[in-house]
Visitor: 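Handing you a structure now.
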Amino acid sequence: MTIAAHPLVARARELADGLLSPAAERVDQEGIPPGHIEAVKRSGLLGMSAPVAYGGSAAPASVVRETAEILAGACCSTWFVQTQHQTPVLTLAGTALPVRERLLGPLARGELLSGVAYAHLRSYPRVPVRVRREADGWRFSGTVPWYTGWGLNDVLLLAGVTEDDEALFAFVEAREQPGLRPSELMRLAALTASRTVSLDLDGLCVPEEAVALRTPYARWAAADRPKTRNANPAVFGIAEAALALVEEEYAAVLRGRLAEIRRRAYALADHPVPDEHVEERLAVRAEAFTLMRAATTAAVVTGGGRAMLLDHRAQRLAREGLFLLVQGQTSASRAVHLKRLAERHDSGR
Ligand SMILES: Cc1cc2nc3c(=O)[nH]c(=O)nc-3n(C[C@H](O)[C@H](O)[C@H](O)COP(=O)(O)OP(=O)(O)OC[C@H]3O[C@@H](n4cnc5c(N)ncnc54)[C@H](O)[C@@H]3O)c2cc1C
């Protein structure tokens with residue numbers, strides 16, 4: 001079966017063309033309506049990486065990437081809320097702890113939507129969220145700087161670092177409760193619609209049976225690091241959507257360059273050893289950003305003055321592209337991206 005013919009890709013396309021894309025400028029300004037979340041839950045896409053035995057599809061990586069491109073190109077806010085769910089699914093699929101039997105089925109079948117709060121672990125040795133053992137479970141304290149999907153998600157996978165330097169991930173109900181207080185919804189340059197907040201944790205009590213992963217921090221970080229080096233498929237989705245607004249004469253040239261970098265990015269993502277080709281992965285990731293920015297800029301230039309109107313597609317895609325530049329950024333990818341930007345500036349003199 002070709003990727004395009006896969007049922008999940010067809011469903012993503014239906015959702016994108018029938019619902020998300022036509023409403024994207026309105027959603028960008030007003031927020032994701034509950035009906036769109038319901039449609040995502042019904043689509044089967046929430047279980048794409050989940051085991052078949054739990055109601056998921058166990059789809060190959062190529063299909064997961066294609067659906068990400070389609071959804072991000074249609075409505076980046078909805079894609080982002082949807083994509084957060086995949087880490088909790090994969091975490092549950094990889095554990096034998098009791099929480100797997102309680103939550104993997106409902107998450108795989110789209111009965112529950114999960115968010116995540118773990119990017120702050122990457123700032124180690126700074127520890128924004130600490131976890132302390134108590135007789136009846138664990139207590140979380142500190143500040144989660146970014147949490148997307150507040151009011152949309154049913155549960156959240158929350159991470160912190162224990163006194164023994166372990167990364168501990170546990171599921172929590174995604175609502176205000178003793179020890180968990182959200183900030184106001186953030187007003188952002190892009191993705192305000194995704195309902196992002198910070199979370200103040202003040203001794204939030206989490207029972208042992210909610211724990212999904214507990215492992216030495218160094219081991220978690222070693223497995224996490226490769227994930228942040230590859231180009232994000234959403235970057236190609238935004239670029240494609242932008243090029244659809246550009247005159248074909250110019251779009252075709254950028255599309256050709258984009259296809260080549262996409263091919264390299266996905267070959268690296270499929271490479272069996274995720275720790276190899278580190279420099280090349282980061283360089284390809286940065287180059288994908290360069291092409292995405294060229295595509296969104298071309299869309300703005302094509303749109304002219306009207307492109308500045310908040311209901312114009314070009315400016316929305318350009319702003320969403322800005323968000324992708326920093327999403328999942330680590331000190332390593334940050335350094336490579338900045339270095340390449342400086343090199344380009346030099347060579348243009
Ligand atoms: C709108 C939005 C929604 C988000 N939603 C979620 C969510 O739901 N769940 C979640 O877990 N995360 C979420 N994130 C977090 C996102 O993935 C992080 O922004 C990303 O990981 C980068 O982290 P940062 O902004 O804290 O660090 P950045 O400033 O991008 O820096 C990356 C790393 O580089 C290092 N660094 C920073 N400044 C310097 C410097 N001057 N010199 C050298 N090194 C430096 C730090 O170690 C840092 O960890 C969201 C972010 C945004 C913007």
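One-based numbering, in listed order, for ligands and for the atoms of each. Scope of the values below: all heavy atoms of this structure, side chains included, with no hydrogens, waters or symmetry mates.
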Visitor: Does Thr148 approach ligand 1 within less than 4.0 angstrom via side chain, backbone, both or neither, non-hydrogen atoms only?
Guide: both
Visitor: Output the list of atoms in ligand 1 that are nearer than 4.0 Å to some heavy atom of Phe80, sorted by atom number.
Guide: 3 (C), 4 (C), 5 (N)
Visitor: Can you tell me the protein heavy atom closest to atom 52 (C) of ligand 1 and the distance?
Guide: Trp146 CE3, 3.5 Å
Visitor: Would Arg65 and Tyr266 count as a cation-pi pair here, with the cationic atom under 6.0 angstrom from the ring centre and within 45° of the axis?
Guide: yes
Visitor: Under a 4.0 angstrom heavy-atom cut-off, which atoms of ligand 1 come close to Tyr118?
Guide: 11 (O)
Visitor: Would you mind telling me which of Ile261, Thr296, Val235 makes a side chain to side chain contact (heavy atoms under 4.5 Å, CB included) with Leu291?
Guide: Ile261
Visitor: Just need the protein heavy atom nearest to atom 1 (C) of ligand 1, so name the residue and atom and give the distance.
Guide: Phe323 CE1, 3.5 Å
Visitor: What's the shortest distance from atom 16 (C) of ligand 1 to any protein heavy atom, and which residue and atom give it?
Guide: Gly328 N, 3.8 Å
Visitor: One thing to verify: whether Asp275 and Arg229 come together as a salt bridge, which I'm taking to mean a side-chain N less than 4.0 angstrom from a carboxylate O.
Guide: yes
Visitor: So does Arg181 pair up with Asp202, basic N to acidic O under 4.0 Å?
Guide: no
Visitor: Taking only heavy atoms of Val326, which atoms of ligand 1 are found under 4.0 Å from at least one of them?
Guide: 19 (O), 20 (C), 22 (C)
Visitor: Considering all protein heavy atoms, does one lie under 4.0 Å from atom 3 (C) of ligand 1?
Guide: yes
Visitor: Any carboxylate oxygen within less than 4.0 angstrom of a Lys/Arg side-chain nitrogen, looking at Arg285 and Glu280?
Guide: no
Visitor: Side chain, backbone, both or neither: which applies to Leu188 and ligand 1 if a contact is any heavy-atom pair less than 4.0 Å apart?
Guide: side chain
Visitor: Can you list the ligand 1 atoms lying under 4.0 Å from a non-hydrogen atom of Thr330?
Guide: 32 (C), 33 (C), 34 (O)
Visitor: Measuring from atom OG1 of Thr330 to atom CZ of Arg225, what distance do you get when rounded to the nearest 0.5 angstrom?
Guide: 9.5 Å
Visitor: Please work out whether any backbone atom (N, CA, C, O) or any side-chain heavy atom from C-beta onward of Gln329 is under 4.0 Å from ligand 1, and answer side chain, backbone, both or neither.
Guide: both
Visitor: Is the distance between the ring centroids of Tyr147 and Tyr118 under 6.0 Å?
Guide: no
Visitor: In the protein, which heavy atom is nearest to atom 46 (C) of ligand 1, and how far is it?
Guide: Ser331 CB, 4.6 Å
Visitor: May I ask you to identify, for Ala117, whether its side chain, its backbone, both or neither come under 4.0 Å of ligand 1 on a heavy-atom basis?
Guide: backbone
Visitor: Could you see if Met292 belongs to whatever hydrophobic cluster contains Val300? Use Ile, Leu, Val, Met, Phe, Trp, Tyr and a side-chain cutoff under 4.5 Å.
Guide: no
Visitor: What is the closest protein heavy atom to atom 12 (N) of ligand 1, and at what distance does it sit?
Guide: Ala119 CB, 3.3 Å
Visitor: Determine, for Glu111 against Lys41, whether the closest basic-nitrogen to carboxylate-oxygen distance falls under 4.0 angstrom.
Guide: no
Visitor: OH of Tyr250: more than 12 outside heavy atoms within 6.0 angstrom?
Guide: no
Visitor: Give the single entry among Arg122, Arg334, Met186 that approaches atom 38 (N) of ligand 1 most closely by any heavy atom.
Guide: Arg334
Visitor: Return the CD to CD distance between Glu260 and Glu287, rounded to the nearest 0.5 Å.
Guide: 10.5 Å
Visitor: I need the nearest protein heavy-atom contact for atom 9 (N) of ligand 1: residue, atom name and distance, please.
Guide: Val116 O, 2.9 Å
Visitor: For ligand 1, indicate whether the residue Gln84 contacts it via side chain, backbone, both or neither (heavy-atom separation under 4.0 Å).
Guide: side chain
